[in-house]
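Worksheet: one structure, shown below.
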Amino acid sequence: MKILQYQENNRVRLGILEDDKIFPVEYQGDMIDFINEKPGIVKGQPLDPSGIEFAPALSRPSKIVCIGLNYLDHIRESHGEAPDKPILFSKYSTSLLAHQKTITWNRDLTKKVDFEAELAVVIGKEACRCPEDKAMEHVFGYTCANDVSARDLQFGDGQWVRGKSLDTFCPLGPWIVTADEIPDPNSLSIKASLNGVLMQDSNTDLMLFKVPQIISFISHSFTLLPGDVILTGTPHGVGTFREPSIYMKDGDTVTVEIEGIGKLTNNCMTTAG
């Protein structure tokens with residue numbers, strides 16, 4: 001099942017994508033309510049997809065947990081060393097952005113804004129000190145994420161949270177594909193394109209720490225709740241490690257594409273002051 005959030009009359013509604021049509025779900029809650037309550041699905045009449053205003057795949061997760069340096073090819077391009085355990089950081093929920101919405105940043109604050117295609121895991125059931133062999137039972141589904149990064153802030157601060165958490169810096173969507181439709185999240189093509197030019201082209205099988213390991217590791221430090229999001233790291237091809245570096249700029253379009261999920265596309269706009 002592909003389930004999404006969209007805006008209607010200033011409120012978030014749920015929809016189901018089937019055969020390129022979006023069917024509204026007769027349900028009053030948002031995605032996290034749906035994950036918690038697991039209601040039966042009653043569909044309304046199909047909507048015109050071209051008229052849909054997408055909302056982020058999730059609007060209010062208690063946590064967005066991110067994994068750094070988790071792809072072997074990305075570790076090589078950054079001239080880093082493979083960590084012996086997952087590197088964790090976070091993005092704030094105010095950074096969430098929907099499919100087809102605009103990534104915006106103040107050019108007086110940052111001039112080096114980069115893209116990072118990532119597989120996002122959505123937690124469906126509370127996980128606390130979860131063993132690896134039980135970890136996948138806690139997954140609701142998967143979606144596309146762009147871990148947008150202000151590199152000058154990230155590297156200048158000496159820690160990553162500010163450079164990763166500016167408003168609009170976590171595009172997420174366009175929908176969540178439930179876990180039953182992704183039998184192996186550790187073997188998916190993952191790509192990012194900038195203005196139609198392929199920049200990242202890899203596979204999740206290059207992740208150093210696989211999805212079950214990540215969930216288990218995180219849950220032994222803090223409890224994962226339904227609706228929490230885990231960004232599992234980015235492969236090689238990001239802009240900052242290219243020669244010369246390539247950063248996103250005003251008017252650019254960036255697309256993250258993951259096999260079995262879909263495409264997450266956002267435009268870019270800079271502001272001043």
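Hydrogens, waters and symmetry mates play no part in the numbers below; they use all other heavy atoms, side chains included.
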On a heavy-atom basis, which atom in Thr232 and which in Tyr71 lie closest, and how many Å separate them?
O-CE1, 4.2 Å
With side chains defined as the heavy atoms from C-beta onward, is the minimum distance between Ile215 and Ile230 less than 4.5 Å?
yes
With a 4.0 Å cut-off, would you call Glu53 and Lys101 a salt bridge?
yes
Heavy-atom donor-acceptor pair, Asp114 side chain to Gly239 backbone, under 3.5 Å:
yes
Pairing residues for Asp19 by the side-chain contact (heavy atoms from CB on, under 4.5 Å) criterion, not counting sequence neighbours
none
Side-chain H-bond candidate by donor/acceptor type, Glu181 with Tyr142, under 3.5 Å
no
With sequence neighbours excluded, what pairs up with Phe217 under the ring pair (Phe, Tyr, Trp, His ring centres under 6.0 Å) test?
none
Less than 4.0 angstrom from a charged side-chain N to a carboxylate O is my criterion; do Asp73 and Arg76 meet it?
no
Determine whether the side chains of Gln28 and Arg11 contain a donor N or O and an acceptor N or O closer than 3.5 Å.
yes
Looking at Thr265, is its backbone amide N or carbonyl O close enough to the side chain of His99 to form a donor-acceptor pair, meaning the two atoms are under 3.5 Å apart?
yes
Does the side chain of Phe23 come within less than 4.5 Å of Leu17's, by heavy atoms?
no
State whether the side chain of Lys112 and the backbone N or O of Ser149 hold a donor-acceptor pair below 3.5 Å, judged by distance alone.
no
Would a 4.5 Å heavy-atom cut-off, applied to side chains only, mark Met136 and Val211 as touching?
yes
Is any side-chain heavy atom of Thr104 less than 4.5 Å from a side-chain heavy atom of Asp167?
no
Grab the two heavy atoms, one from Ala272 and one from Arg107, that are nearest each other, plus how far apart they are.
CB-NH2, 3.6 Å
Do we see a donor-acceptor contact under 3.5 Å between the side chains of Asp205 and Asn186?
no
Report yes or no: do Asn203 and Ser189 form a side-chain donor-acceptor pair below 3.5 Å?
no
Are Trp160 and Val229 grouped together when hydrophobic residues (ILVMFWY) are joined by side-chain heavy atoms under 4.5 angstrom apart?
no
Can Glu257 and Lys191 be counted as an ion pair, charged N to O under 4.0 angstrom?
no
Which heavy-atom pair separates Phe115 from Val254 by the least distance, and what is that distance?
CB-CG2, 4.0 Å
Determine the interplanar angle of the Tyr27 and Phe34 rings, folded into 0 to 90°, and report it as parallel if under 30°, tilted if 30 to 60°, perpendicular if over 60°.
perpendicular
Are the side chain of Ser216 and the backbone of Gln213 linked by a donor-acceptor contact shorter than 3.5 Å?
no
Between Asp147 and Lys91, is the closest basic N to carboxylate O distance under 4.0 Å?
yes
Glu18 and Lys43 ion-paired at < 4.0 Å:
yes
Salt-bridge contact Asp157-Lys164 (side-chain N to carboxylate O under 4.0 Å)
no
Set of residues satisfying ring pair (Phe, Tyr, Trp, His ring centres under 6.0 Å) with respect to Phe209, sequence neighbours excluded:
none
Is any side-chain heavy atom of Glu259 closer than 4.5 Å to a side-chain heavy atom of Ile190?
no
Look only at the side chain of Ser165 and the backbone of Arg162, and say whether a donor-acceptor pair between them is shorter than 3.5 Å.
no
Whether Trp105 and Phe169 hold their rings parallel, tilted or perpendicular, with breakpoints at 30° and 60°
perpendicular
For Ser202, is there any backbone N or O sitting under 3.5 Å from a side-chain donor or acceptor partner on Gln200?
no
Verify, without hydrogens or angle tests, whether Thr204 (side chain) and Ser187 (backbone) share a donor-acceptor contact under 3.5 angstrom.
yes
Where do Ala117 and Ala192 come nearest, in terms of heavy atoms and distance?
CB-CB, 3.8 Å
Using atom types as modelled and distance alone, determine if a side-chain donor or acceptor of Asn146 lies under 3.5 Å from a backbone N or O of Glu116.
yes
Test side chain to side chain contact (heavy atoms under 4.5 Å, CB included) applied to Met31 and Val12, Val122, Asn36, Leu14, the passing residue
Leu14
